[in-house]
Structure formats: structure tokens, C-alpha cells
Amino acid sequence: MLQIRELHATVNDKEILKGLNLTVKPGEVHAIMGPNGSGKSTTASVLSGNPGYTVTKGSIRFYDQNIITLKPEERAGEGIFMAFQYPVEIPGVSNINFLRTAIGEIRAYKGLPPMETRDFVKMFREKQHLLQFSNELAGRSLNEGFSGGEKKRNEILQLAMLEPRLAILDETDSGLDIDALRIVSNGVNKLRSSANAFVLITHYQRLLEHIEPDFVHVLYKGRIVRSGTKELAGELEAKGYDWLKDLPDALTDQN
Amino acid sequence: MDTADTNNTLHSVIEGNYQYGFVTDIEMDILPRGLSVETVMAISEKKNEPEWLLKWRLTAYRHFLKLLETQGMPEWQNFNLPAIDFQAISYYAAPKSKPVLNSVDEVDPELIATFEKLGIPLTEQKMLSGVAVDAVFDSVSVATTFRKELSKLGIIFCSFSEAIKEHGDLVKKYLGTVVPATDNIFAALNAAVSSDGSFAYIPKGVRCPMELSTYFRINAGNSGQFERTLVIADEGSYVSYLEGCTAPQRDENQLHAAVVELIALSDAEIKYSTVQNWYPGDKDGKGGIYNFVTKRGICKGNGARISWTQVETGSAITWKYPGVILKGDNSSAEFYSIAITKNKQIADTGTKMIHLGKNTKSRIISKGISAGEGQNSYRGLVHAGRNAINARNFTQCDSLLIGSTCGAHTFPYIEAKNKSVQIEHEATTTRIGEDQIFYLNQRGINTEKAVALIVNGYAKEVLNNLPMEFAVEAQKLLAISLEGSVG
């Protein structure tokens, strides 16, 4: 599904990703962990096509297509979704209107007719229930006046509605209390299928207690320095990230 | 993304194209350029006007000259008023084919085609149902639809010229009572040289069954448009009025100095909506209409209501403050406005709410949108007189900025002459951020649509006040206007 090869990327002329490799297959859940500044959020931004980031080298293939030249909305059309670490507020645009527009645009990209209102409403009710998203929240403007937890739940609600093939969750667990974390994780677990994949970007192991990853990667100085199964997350929790400093600079990516 | 990049991206969005810039090739009767007593007399003569009207015009002309000599052009506005050479303008331009009053089907096909191209079908078969249209082309009204249907209810809807002939008493009684010829320099000029416009009278207790509308088209070069609109709603009547306007794309600036007067008698209601889309000039600010308009209504009787809704997307410079004099007790007024400025456009717009009667209420919702190097100023006066016991006003004044090279300014004036008055003022300024655009992009929505979504969301409260068909049009217009504003 996703093959990232030797990816280098800069932001404000500063190189952040320095040869990232990652392969994701349908049905898999990958966790990318690492200390602050290792390039975790940059990875999410580059995958989703944030214009503030420049790819200087390497490739990102998504189902046999190099997506580096695709615009963010085209990547969304291809089925790449990013749950934002800091979802923005857009006053005046209702959640519902926004979702309908987004679904309509993505369907149009795929050459599908607009979704029937009836089907949309039915689907929304279902997903609303899954994320315990009240009518009151649904009726408000997009994220306006939402608490941190409500915003994160809205991200996962959108994920549920847009049904992407690849979902990247950028520090979705940060700022969540235990109840919200459970709701969000439960939502993600329900959405997992053999056809889609998830990349969880997180600083802490906490999220991985709720969403069990198939693979865990440690990102450090812009490349993946270790990969393993979920046990690796436990090890990181116990050891912290300090040991990374002792790694030789020339360490090659083992992924 | 660094700031320079952001600006570039935002820049490229603001260069949408003007769709109505074509010119109609038609034989015209045009007065030579220049302004003098002779010009005023020639216009009056062409229209075969009664003596009193010519006198009124000449008084206005003298006042115009006096203002020009003693005070010069106004300087209080938030922009530098470009020099206007009043002698370089032709004050009368009309298609040679005679206006036909009886049937729209006899109107010059070239004119019918022009209005059809503008989305205003005038022929019987194609007319918009539920909307009666008075089509004004340069200095004259060329067609008015649904006149017969309306006259069955006693509603008069016709061109201003015709009203002078057929309903002289009504015109004489109300003309200049809300916007006197001495009001300001442009109102004085308008009174002196106005050549046509629309007239509507709704009799006592009648609810006008359709939208009345005037569509203004400037076509001729080197000319100005100085139309006059007078709407009178008699006791207990109701009317919804809509005005639209476009002009060809030209390198020189053209002056549009209109006057609109609304009179609402006891318990009458007038809703007046404007979708202003005059040619705004090109991206470097070359050409475009100077839209210097005086619009005012009076709630003359008790319980009268007047509401102004405006969507201002065109013109190089817009200068207008549709106001209401709340004279009758318990009368109320509303002003809803969206003003967009992009490229080098300037808008200095707002309202004047003059509370004179007891328990009068007014509500002002102003939404400015600035993009490119556009400058948007809200200027509003809320005045409550000594006898305006329990007068109330609520003002909300919001500014939306797209990019970092535009400007938004607010100039609220409040005058309260008695202690029972309650006046509230709220204001916000927000910017469409690159992060908001990216968020919507990431959800599959391209940048143009993302901006349209945000802008329409922001403008919703005002758009909701437009008659339905026009709200949809206005929504599209907002999207088109901002096409290219963010990229």
C-alpha cells in the first residue's frame, strides 16, 4: 500500500527527514515513536502533502503511484487521511456541511456520484454513536469552541465518515483524558479492517495499550533506527529515549 | 511555510475574472461630455419634464457647484478620493430605439440579448417567475416586466421617467424627502442630472406578491450612471425589492452616483436587497466603477420596518451608507452587509441609523472580506435623539482577512441624546489561515472550494436575508469574486 524510500524532507530549509524508509501493507497498524524533534509530525505532514514541507529526495509510493507531486486534496481523494495533532477551528462552517462537502469532493475524485442525503444521515448517525459525538457538537461550527478531546473525537469521526485506505494519526493521544482516549481508541479499533491501514504517531506508549500495533518503529534524527513488534513500545516506555543518543551516527536504517 | 510563500499562494487566489465585462454594440443617443446648466436643461427636456422638476434640478445643480467651490470634494473617507473631472463625463446615454412601455417583446432584441447574457431574461416566455424586473441600460429604463399583473393589485412598478409622467403627484410628494438634493455632493449631482431609475408604490394593506427588482447596466463609455429609485410602501403594505448591477470592463473609471429613497408608512415593511457587481477594475487597479451612492429610508409611520441587505463585490471604490430614519414610534430597521474587496478595491461602507421615535430598534450586521490589497472600512452611525425613549441598537461588525496585504478598518460613531437608550457594539477580526486551507485540502476539498466554504460560512447570516433565488446567486458570486484569492 505505502512504500516510503530514502525520504528526505525540509521545512524552512532545515532538513528534518534524512532517509526515512517505511512499508505499510493493508490491514496493518504501525506505530511511529520517538523523542520530540525526531521528525514524527514532519512525517505526517509530508505524507499528507502539507505545502510547508519540501521533499528533497526519495519517493513515496501509494498503490503504485508516486504521490509526491499530488496535491493534498488529491492525496485525500486517493484515500490518505491525517488526523491532525492540532485541528483548526473554522467558524461559520457547520460540521455537517463540511463533512458533506468533503465526502462529495472525495467521491467526485473517484468518479462517484454524490452521496444521497438519506445515506449520509444514516452513516452519520452510526459514526456519531461510535464516537459518542452529541448532536449539539455536530450542529456547531467546525471545531469551534471544542475542547481538546472533542476536537480529537471529531478527527476520528471524520476518519470514520471518509473511510480512507490509509489513516495517519498525528499524536491523537496528546491532551486526551482517559475517557476520551478510550472513546477514540475504541473508534479506531472498530474501523480497522483488512483493507485499510493505520500509522499512529505518538510520543507515549499509552495509546498503544488501547490500539494494538503490528509494528513499532523508533524515529530518531529523521530516520527509523529500530523496528519491532509491540514489545518494543514497552521497552521504550521502560528505557525512555536517552539510549538513542549513544547510537552511532552512521547507523543505517534496518527497516 | 514562510511568510513570503504564504503571500504568494494567497495572492494567486485573488485574481478571479469578471464575467460581465462585455460591451453591447447598439446605436446610442449620447449628450456631449460636460456639465452645465444646459446639460441639466437638456436632460429635463429630453424627458419632457414638468416645470417643478426642472426647478428642483437646477437648485440641486447650483448646490452642487456651491459645494464644489466652497468645500471641494469630501475628505473624511478612509481613502484618497481620486480627482473626478466632471466635465469629462457624458451625463446622458440612451439606446436610440424608443423605450416600449406596453410589451417587453417589442424591446430591441439587442437589449433583450444583453440582459439575457447577464442572467436577466426579460421576454414573457423566459421571465423569472415571482420577480418583476425593471431593466435600466445606461441612462434609461428599457423594460419593466409583470406590470399588468402588479397593477391589478394597485401596485405601481415602472421606470422613474414614466412615474413622473403618470404619477407626478406621488413623485412630487416624496422625491427628495429622504435624501434631499443638498444631502451631499453626489446626491446633489444626482438630483441635477439623474435620467431614470425605478419607481414603486404599494398601496395600503397590499402585500406585493413578487420580488420587485431593478437591474442596472452601464454600457456606454465615458458616461456616468445617475439613477434615482423611489419606493413607497403605504400603510400596512409589504414589498421586497432587489437591485443588481454590472458594467463592461474598461480602462477608465466610470462614475455611478445613484440615489435610493425608501418611504415606509405606518406598519409598512420594505426589504431592499442589493447585489452590487460593477466592474471592479483589473488586478492592478486600472479601471472600474466609482460607486458613490446615497441610499436612505424613512420609517415614517408607527411600526414601520425597513431592512437593507447588501452584497458588495464589485466597483473600484464603493462609498455608501444605506441608512434609516426611524421616525415612527416602535419602528425598526436592519442593515445586513457583506463587502468584498480584492486586488486594489476600496470599500468604505456602513449605515446610519437615526432613532427619533420611541421604542425604535435597529440591528446592524456588517461582514467585511478583504483580500489582495483590498481595503475595507466599516463606517456606521447610530444616533438616538432626545425623544427616542428606549431606542435600541445592536451592531456586529466582523472583518475577515485573506492574506496579509489587505486591510480592514472600522469607524463606529455613537450618539445618544437620552439616558434610556441601549446600544451594543461587537466587533471581530479574523484571518483565513493557511492552516485552515490545508485542513480542508486534507479532507479532499480544493483551495478554491475551501475559501468559498469559509467565506460563505462567514457571510451566512447576511446571505440568509436575501430572497432565496438571489441568496444562491450571491453565494456563487462570492465564490467567483474570490476565485484565485488563495492558491
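Naming convention: chains lettered A, B, ... in sequence-line order (proteins, then strands); numbering from 1 in each chain. Quick caveat: nothing in here was measured; it's all calculated off a predicted structure.
Other residues, nucleotides and ligands contribute at most 12 non-hydrogen atoms within 6.0 Å of the NZ atom of B:K352. Around the CZ atom of A:R75, the shell of radius 6.0 Å holds more than 12 heavy atoms that belong to other residues, nucleotides or ligands. Around the CD atom of A:E136, the shell of radius 6.0 Å holds more than 12 heavy atoms that belong to other residues, nucleotides or ligands.
Taking every heavy atom of both residues into account, B:G444 and A:A76 meet most closely at N-CB, 3.4 Å.
B:R392 is linked by a side chain to side chain contact (heavy atoms under 4.5 Å, CB included) to B:K361, B:Q422, counting only residues two or more places apart in sequence or in another chain.
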- Task: Take B:L453 and A:I90 through the test side-chain contact (heavy atoms from CB on, under 4.5 Å) and record every step on the way to the result.
- Result: CA-CA 10 Å; B:L453 194 68; A:I90 305 186; over 6 Å; no

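The side-chain heavy atoms of B:F438 and A:S45, taken from C-beta on, include no pair separated by under 4.5 Å. Looking at B:Y439 and A:N143, their side chains come closer than 4.5 Å, going by heavy atoms from C-beta outward.
A:I103 does not touch chain B: none of its heavy atoms, backbone or side chain, sits under 4.5 Å away. Neither the backbone nor the side chain of A:Y86 comes within contact range of chain B; no heavy atoms are under 4.5 Å apart. Contact of A:F81 with chain B is made through backbone and side chain together, with heavy-atom distances under 4.5 Å.
Of the listed residues B:L440, B:N456, B:V455, the one with more heavy-atom pairs under 4.5 angstrom with chain A than any other is B:L440. Counting heavy-atom pairs under 4.5 Å between each of B:Q442, B:K449, B:R443 and chain A puts B:R443 at the top. Contact count against chain B (heavy-atom pairs under 4.5 Å) is highest for A:S48 among A:S48, A:P91, A:S141.
Interatomic distance, OG1 of B:T447 versus CD of A:E73, reported as 5.5 Å (0.5 Å rounding). To the nearest 0.5 Å, atom CD1 of residue B:I445 and atom OH of residue A:Y109 are 15.5 Å apart. Atom NZ of A:K71 and atom CG of B:N446 lie 7.5 Å apart (nearest 0.5 Å).
Residue-level contacts of residues 147-175 of chain A with chain B, in order of numbering, are A:E155, A:Q158, A:L162; threshold 4.5 Å between heavy atoms.
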